Amino acid sequence: MMKATILIPAYNEETVIARTLWYLSKGLPLSDFRVIVIANGCSDATAARARAVMPQAEVIETDRCGKCHALNLGFEASCKSAPVICLDADLDVTSESLTALLAPLEHGNALASCGKMEVVTSESSAAVRTFYQGWRSNPYFSQGKFGGLFALSPAGAARVFPLPEVIADDEYIRRSFRQEETAFAAECSFQARAPSSLPDLIRVRRRSIRGARQVTRLGQPSPERGSTKEMLHRALVSRPDTLPIAFFLLVMTWVRVCLMLEGQNSCHLWERDHSSRAAG
């Protein structure tokens with residue numbers, strides 16, 4: 001019986017899709033997993049690269065851009081009786097981690113599960129490295145990172161699909177489940193590459209906040225944001241290594257100021273970091 005369908009939406013990811021699929025294919029029993037790459041609105045060789053690296057994968061091409069649209073297409077082609085794994089095209093994860101990610105769905109009552117994100121900052125500036133040192137102090141991550149990689153049970157997938165057209169698909173899906181319905185698979189870890197410069201980082205953070213606010217306007221408020229801010233401020237005054245936390249809070253304050261100055265015209269703007277994709 002198929003363990004899961006892996007959906008990989010990809011927009012102009014020719015520099016990284018090969019790496020992502022290479023990591024994924026190490027030890028992955030393709031008889032148990034169905035891999036679907038959805039190349040959406042691509043003007044590069046994303047689809048060709050995906051087919052070359054993993055011929056067993058199904059590659060869907062659409063002229064329409066949009067991650068939610070891509071995920072909806074992939075879900076339509078998936079096995080509805082098996083879990084669905086959503087994986088960003090620029091992340092590194094092994095088959096062992098995917099097996100750990102699925103375990104709470106198979107052996108518990110969870111409708112969704114997430115793992116632990118490790119951010120690679122070796123190619124980033126000192127400012128970006130300091131930001132992520134503070135970022136790691138966020139108590140939200142004690143229960144994993146619901147974004148970039150997560151799994152849904154058949155019942156969980158049926159609850160959220162088809163997705164609306166939102167910027168923050170992962171945030172929309174996360175807020176669709178109560179805390180007790182989401183499991184943290186501690187043995188599942190995946191790697192993301194940080195932006196190389198502070199301006200690149202700020203663009204990504206602006207997009208993240210825009211997406212969260214858009215989801216809130218759809219009627220899905222996030223219950224823990226206030227307590228998260230309070231806990232970070234308490235950590236700032238109680239820990240000896242306060243500089244990274246202070247810098248994290250400073251950058252996030254600046255990001256919110258930038259969004260205030262932009263006004264409502266930019267609420268659907270999708271800003272992307274190209275620097276973390278440059279090396280491939």
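For the single chain, residues carry numbers from 1 onward in sequence order. What you see is a predicted model, and the numbers here were worked out from it, not measured in a lab.
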TODO: Ignoring hydrogens and angles, tell me if any N or O in the side chain of D44 forms a donor-acceptor pair with the backbone of E14 under 3.5 Å.
DONE: yes

Open item on the list: Any heavy-atom pair between the side chains of F247 and Q133 that's under 4.5 Å?
Closed with: no

Sequence neighbours excluded and cut-off under 3.5 Å, please list the side-chain donor-acceptor pairs for residues 118-132, or say none.
| unit_1 | atom_1 | unit_2 | atom_2 | d |
| --- | --- | --- | --- | --- |
| S124 | OG | P195 | O | 2.8 |
| S125 | OG | V128 | N | 3.4 |
| R129 | NH1 | S124 | O | 2.6 |
| T130 | OG1 | A126 | O | 2.9 |

Task: Under 3.5 Å: donor-acceptor pair, side chain of S113, backbone of A183 - done: no

Task: Donor + acceptor pair across side chains of S176, Q220 (<3.5 Å) - done: yes

Task: Check: T46 side chain, C42 main-chain N or O, donor-acceptor pair, under 3.5 Å - done: no

Task: In one Ile/Leu/Val/Met/Phe/Trp/Tyr side-chain cluster, 4.5 Å: M117, Y23 - done: no

Open item on the list: For a 4.5 angstrom cut-off between non-hydrogen side-chain atoms, does N40 reach R64?
Closed with: no

Task: D88 side chain to D90 backbone, donor-acceptor under 3.5 Å - done: no

Open item on the list: Looking at S78 and K80, would you say the former's side chain and the latter's main chain have a donor-acceptor pair under 3.5 Å?
Closed with: no

Task: E181 (side chain) donor-acceptor with R178 (main chain) under 3.5 angstrom - done: yes

Open item on the list: For the CD atom on Q179, are there more than 12 heavy atoms of other groups (residues, nucleotides or ligands in this structure) within a distance under 6.0 Å?
Closed with: no

- [ ] Say whether L163 and L7 are linked into one hydrophobic cluster, either directly or through other cluster members, by side-chain heavy-atom distances under 4.5 angstrom.
- [x] yes

Open item on the list: Counting only heavy atoms not in E187 (residues, nucleotides, ligands), do more than 12 fall under 6.0 Å from its CD?
Closed with: no

Task: Those residues that, when tested against F161, pass ring pair (Phe, Tyr, Trp, His ring centres under 6.0 Å) (two or more places apart) - done: F75

Open item on the list: Same cluster or not: V93 versus W22, using hydrophobic residues (I, L, V, M, F, W, Y) connected whenever any side-chain heavy atoms lie under 4.5 Å apart?
Closed with: no

TODO: Report the distance from atom CG of L249 to atom CG of N138, rounding to the nearest 0.5 Å.
DONE: 9.0 Å

